[in-house]
Structures are given as structure tokens and as C-alpha cells.
Amino acid sequence: MKKILSILLVAMMIVTLAGCGSKNSENNEKPGDKDSTNTDKKITLKVMDWSDSSKAQKEAFFEEYKKNNPNINIEYTCLTMDQYKNTILSAINSGDAPDLFPLPGGMDLGSVVKEGWFQPLEGLVSDNFKDTFVDGVFKEGVNVIDGKVYSIPEVLQLPNSIIFYNKDLFKKAGLDPEQPPKTFSELREYAKKITEAGNGEFYGIIEGGQQVNRWKTAAHDFSALGGSGMSEFSPVSLLTGESSYADKAMVETFELFKGMAEDGSYHPSTMSIRAPEARALFGAGEAGFIIQGVWCIGVWNANNPDLDLGIASQVISDNGRQGSVAMATANAWMGISATSEHPEEAAKLLEALYSKDYNYQKDCVSDGVFFSLVKGVNDEYLTNPLLKDYYEAATSTATVAPNPKTENPATSQFFLQYNDVSPAVGDLLQGTVAGAISDIEGSLKVLAEKVNKEFDRALKAANEKGANITKDDFKFDWDPMTNY
């Protein structure tokens, strides 16, 4: 009997010690960590995006995550934006979508949710996950569909059409490095002077000319400052509810870029390269200007520490500023594939990406890669003076704009019906700089007519499906010089 009691006592002690050990393990875990005892089954999570500027920080995060979760293997693929869209469409069509991937640019989240691309995050992420973010991140019709979150924004959205300039090349061209261009004519003049000073060694401006999205962004944002009302939120002007592609502000924008091309100010590689390659050539001192986004700063800090970088806001028409660049906090980016075999593990990885207990958000902000959406991160880690300059430049010409989807979620039905017109504004500006398009006004007029026609068709189709919306849902009584 004593022997039996001794055995039972030892067994009880083992169970108690095991329970204490489990509790301590839980207390030491980071958000997103798996139960340390569940290491017998190794799984692979596939992640794909186009965020090349944060690639190094993301790869470091994945290594950190795998150390804390030894049963998780991560296959990460980073492509250019153009490559990404074609690749992800092929992967989805073949039934081999990554576990985590972003919504391709120019596509509507509501549309792809209907097609079964993503699954809702409710029930997968923790109940307080949304509290991680600053206010205004989640909006119905943008990243929330029918009350359920399907996509998380990547970064705090600021305009990505800011003008970076090389101060050393300014000096070589006899320009004041502390006085960047403020108007269309000044940008053209300065680019020409830098080109002439370079004598074939460096040029006035460079762009990732193969990427149509870069031309589209420039056309929308520069014309918006002239009062076009264009934005990424709607195919028509937020001010008039009609296409403004043929309006004066857009024509002047096209004439600026055409003029710089006619002056020979563009780097000769412009039309054959993408944005990352253009960024590298600018960092190497081969161009005076480049129009891109905040992600460039971290890359240049790492790869071109001797670059004397200047940051200016977008230039405005010589006729003066009549509007602002449209800005919004809510955005659709990363989601969990509806066909993922490991949705719970994918959700844990997604949570960890935004957790302050991991280094990714901290590193990206301190390295100058982006502004974080996570509460408190910018306040604590925004120490890079160039990042502060960028924030000031971007917010000086941007205002929070109305978004038809958030103002009336029923308009999502319109975006399900609307088909992008081709060639679009990005294609036309690309062709103009390349010299393939000479009749700017005529080309833009044809585009505007096509957009208005497709708008009316999509509106009718949406109402036939019960949307009950009108053109007034895309037109806002709003002063574009102030936040909506």
C-alpha cells in the first residue's frame, strides 16, 4: 500500500511541475507565438508581396518569428508591382495562392472577396487586434466588407508622389540646394540645367518608366493640386462626379512631363526600367530628381549613405494651387487566402507583423522605410530627420478626402461593375514621355469620354442589382484645400 501511495505521489508531483512549466512558457511567449509543446508538426506559410523597400526588415522579422515558432517555416517572395499582379492572378487561378498576400493595386476588395480570394479575419485574430491601430484604419467598403475585416493596411498612407532631389547635383548645376522647385516651370527649368551640367554623366530626372502605376500616380496627384479632384478612390472627380481627364489641370500636368522629355532631361534608361532600378540609379547620383514615396529613404540610407538628399513636396501649376492630393488612412493590403490550409497560423503571423513585441514596425520606422499604423510606434521611433521632412512635405499638400465607398457602402456594387478603361491615364502619360503620343488634349478627351461612358454603364448595372445609387454619391460638396 505504501509503495502504491509513493507512486501516486510522484505522479502528482510530475503533473504539477508540468503544469507550472506550461504556465511559465505561456508568460514568456510573444504575440503570435505558438504553444512551445506543439513542435511535432512543421508547416510552411507562403507570403508574397511587392514591398521591396521593406524586404530586409521583413526577412529579419520572419527569422525572428521562426526562432520563436520552430514549427513554422516561411517562404517569402517579393516581386515588383507589375510582376506581382500577374503572378498572384496565376497563383489564384491555379489554386496555389500564398497564405498571405496583398490586394493588387487598382483592384477592388469587394470584388475579389466575392470571387473567393480572401477570408474574414474575425475568429482568426485576437479580439483586441483592431485596437493595435490608430483611428480610422478600418472602413466599410475599403477593407471591411459587410461588417467583416478582410484586409489590413500596410502603412500610414501619405502621398507617394513626393519629389526627391540630389543636393550635390544642384550645386554642380549652379542651383541653390536649399531651394527646391515649387512650380511646374521651375521643375522643368531645374531638370534641364542639371542635365546640361551632367553632360551625359547625370540627368535632370529619372522614373521607373515601365511601371504604369508610377505615371498614374503623378498624373492624379499633380493634377489634383490644380483642382482636378482626381484620386485613387473614384474614376471620376470627387468635386464634379464627372471625368476630369480632359480638364486644364490634367492637360497642364501632361505638358510638364512632355516638356521635360523634349528637353532631354529624362535619364535615357527611364522607359526601360522599373521603380526599384530607378531608385538605385538616383541613389548612385545619375539623376537630379525622382518622384516616388517614403519607402525610398530607408533604401538610400542603407545603400547610399553619402547621398545628400533633399525632399520637396509636389510642384504646382504656375497658375497656382487649386486643390490637394487626396489622402486616406483606410486601405486594403494584406489578407489571408480563402484557400489557405493554415489560416490560424497565418493569422498569428499577421498579428505579429503589427506587434510592438517584434522588431518589424520599429525597424521600418527607425530605418526610414515607412510611417507605422500601430499606435505609439511613430512617436517613439520616428527619429530620422529625412522621414520628418517627408512627413511635412507630404502633409503640406494633402488633405483627407471623401471616399464614395465609405460615405455610402452601396457604391461598392458600382466598383464591382466598373471596368477600367484602356489605355488609362498612366498609359497615356507613359506614351507621352516616350514620344509616342503628341496630341495631349485629344488623347485625354477620348479618355474622359470613355470613362464617363463606362461610369454610366456601371452605375446602371449596379442599380439593376439593387444598389440604388446616383452620380451624386460620387460628387461631394467639399473644399479640397481642407480635410473632409
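Quick note: residue numbers are just sequence positions, from 1. Every value quoted in this text rests on a predicted model; they were computed, and no experiment measured them.
Checked against the 6.0 Å centroid criterion, the rings of Phe138 and Phe133 qualify as a close aromatic pair. Note: Tyr190 and Tyr165 fail the aromatic proximity criterion, with ring centroids not under 6.0 Å apart. Ring centers of Tyr76 and Phe62: under 6.0 Å apart, within the cut-off. Taking the six-membered ring for Trp and the full ring otherwise, Tyr266 and Phe257 have centroids separated by 6.0 Å or more.
Under a cut-off of 6.0 angstrom, the local environment of NZ in Lys248 is sparse, with at most 12 non-hydrogen atoms contributed by other residues, nucleotides or ligands. Heavy atoms from other residues, nucleotides or ligands lying under 6.0 Å from CG of Asp131 number more than 12. Summarising the local packing, NZ of Lys55 is surrounded by 12 or fewer heavy atoms from other residues, nucleotides or ligands at distances under 6.0 Å. Heavy atoms from other residues, nucleotides or ligands lying under 6.0 Å from CG of Asp176 number more than 12. By the 6.0 Å contact criterion, NZ on Lys167 is enclosed, its count of non-hydrogen atoms from other residues, nucleotides or ligands being greater than 12. Within 6.0 Å of atom CG in Asn199, 12 or fewer heavy atoms from other residues, nucleotides or ligands are found, so the atom counts as exposed in its surroundings. The environment of NZ in Lys375 is crowded: more than 12 heavy-atom neighbours from other residues, nucleotides or ligands sit within 6.0 Å.
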Evaluation steps, salt bridge (charged side-chain N to carboxylate O under 4.0 Å, His left out), between Glu63 and Lys66: CA-CA 5 Å; Glu63 289 303 315; Lys66 287 190 289 185; 3.1 Å; yes
Full working for salt bridge (charged side-chain N to carboxylate O under 4.0 Å, His left out) between Asp52 and Arg279: CA-CA 11 Å; Asp52 63 286; Arg279 182 168 57 238; 2.2 Å; yes
Derivation and outcome, side-chain contact (heavy atoms from CB on, under 4.5 Å), residues Ile291 and Phe222: CA-CA 11 Å; Ile291 303 170; Phe222 281 42; 3.9 Å; yes
Residue pair Leu124, Ile336: steps toward the side-chain contact (heavy atoms from CB on, under 4.5 Å) verdict: CA-CA 10 Å; Leu124 295 176; Ile336 299 176; 4.0 Å; yes
Evaluation steps, side-chain contact (heavy atoms from CB on, under 4.5 Å), between Gln210 and Glu277: CA-CA 10 Å; Gln210 281 194 357; Glu277 298 164 293; 5.6 Å; no
Step-by-step salt bridge (charged side-chain N to carboxylate O under 4.0 Å, His left out) determination, Lys405 to Glu140: CA-CA 7 Å; Lys405 291 182 183 178; Glu140 180 67 41; over 6 Å; no
Derivation of the side-chain contact (heavy atoms from CB on, under 4.5 Å) call for Tyr381 and Asp379: CA-CA 6 Å; Tyr381 297 99; Asp379 295 334; over 6 Å; no
Residues Glu189, Lys193; criterion salt bridge (charged side-chain N to carboxylate O under 4.0 Å, His left out); working and verdict: CA-CA 6 Å; Glu189 176 191 351; Lys193 285 185 176 181; 3.2 Å; yes
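Using a 4.5 Å heavy-atom cutoff, the side chains of Glu286 and Tyr203 are not in contact. For the pair Leu45 and Leu100, the minimum side-chain heavy-atom distance is 4.5 Å or more. Met327 has its side chain within reach of Leu158: a pair of non-hydrogen atoms, C-beta onward, lies under 4.5 Å apart. Considering only heavy atoms from C-beta on, Thr183 stays 4.5 Å or farther from Val315 through its side chain. Taking the side chain as every heavy atom from C-beta outward, Asn160 and Trp295 approach each other to under 4.5 Å. Annotation: side chain of Ile162 is not in contact with side chain of Val294 (no heavy-atom distance under 4.5 Å). Side chains of Leu309 and Phe282 form a contact here, defined as non-hydrogen atoms less than 4.5 Å apart. Two residues are said to be in side-chain contact when any heavy atoms from C-beta on lie closer than 4.5 Å; Met271 and Gln430 meet this criterion.
Of the inter-residue distances, the one linking Cys296 atom SG with Tyr390 atom OH reads 8.0 Å to the nearest 0.5 angstrom. Here Leu353 contributes atom CG and Lys58 contributes atom NZ; the two are 6.5 Å apart, rounded to the nearest 0.5 Å. Expressed to the nearest 0.5 Å, how far CE of Met48 lies from CG of Asp99 amounts to 11.0 Å. For the atom pair CD of Gln211 and OG1 of Thr217, the computed distance is 9.5 Å after rounding to the nearest 0.5 Å. Note that OH of Tyr150 is 9.5 Å distant from CG of Leu121, once rounded to the nearest 0.5 Å. From Thr399, atom OG1 reaches atom CG of Asn483 across 5.5 Å, with rounding to the nearest 0.5 Å.
Taking the six-membered ring for Trp and thresholds of 30 and 60 degrees, Phe164 and Trp300 have ring planes more than 60 degrees apart, a perpendicular arrangement. Classified by interplanar angle (parallel below 30°, tilted 30° to 60°, perpendicular above 60°), the ring pair Tyr65/Tyr358 is tilted. Using cut-offs of 30° and 60° on the angle between ring planes, the pair Phe289 and Phe170 is perpendicular.
For the 3.5 Å distance criterion, the side chains of Asn403 and Thr406 fail to qualify, holding no donor opposite an acceptor. No side-chain donor from either of Ser244 and Ser237 sits under 3.5 Å from a side-chain acceptor of the other. If you check the side chains of Asn69 and Glu345, you find no donor sitting under 3.5 Å from an acceptor. Using a 3.5 Å distance cut-off with no hydrogens or angles, the side chains of Gln57 and Ser54 do not pair a donor with an acceptor. Ser161 and Gln314 share a donor-acceptor pair across their side chains, judged by distance under 3.5 Å alone.
Among all heavy-atom pairs drawn from Thr395 and Glu392, the shortest one is OG1-O, 3.4 Å.
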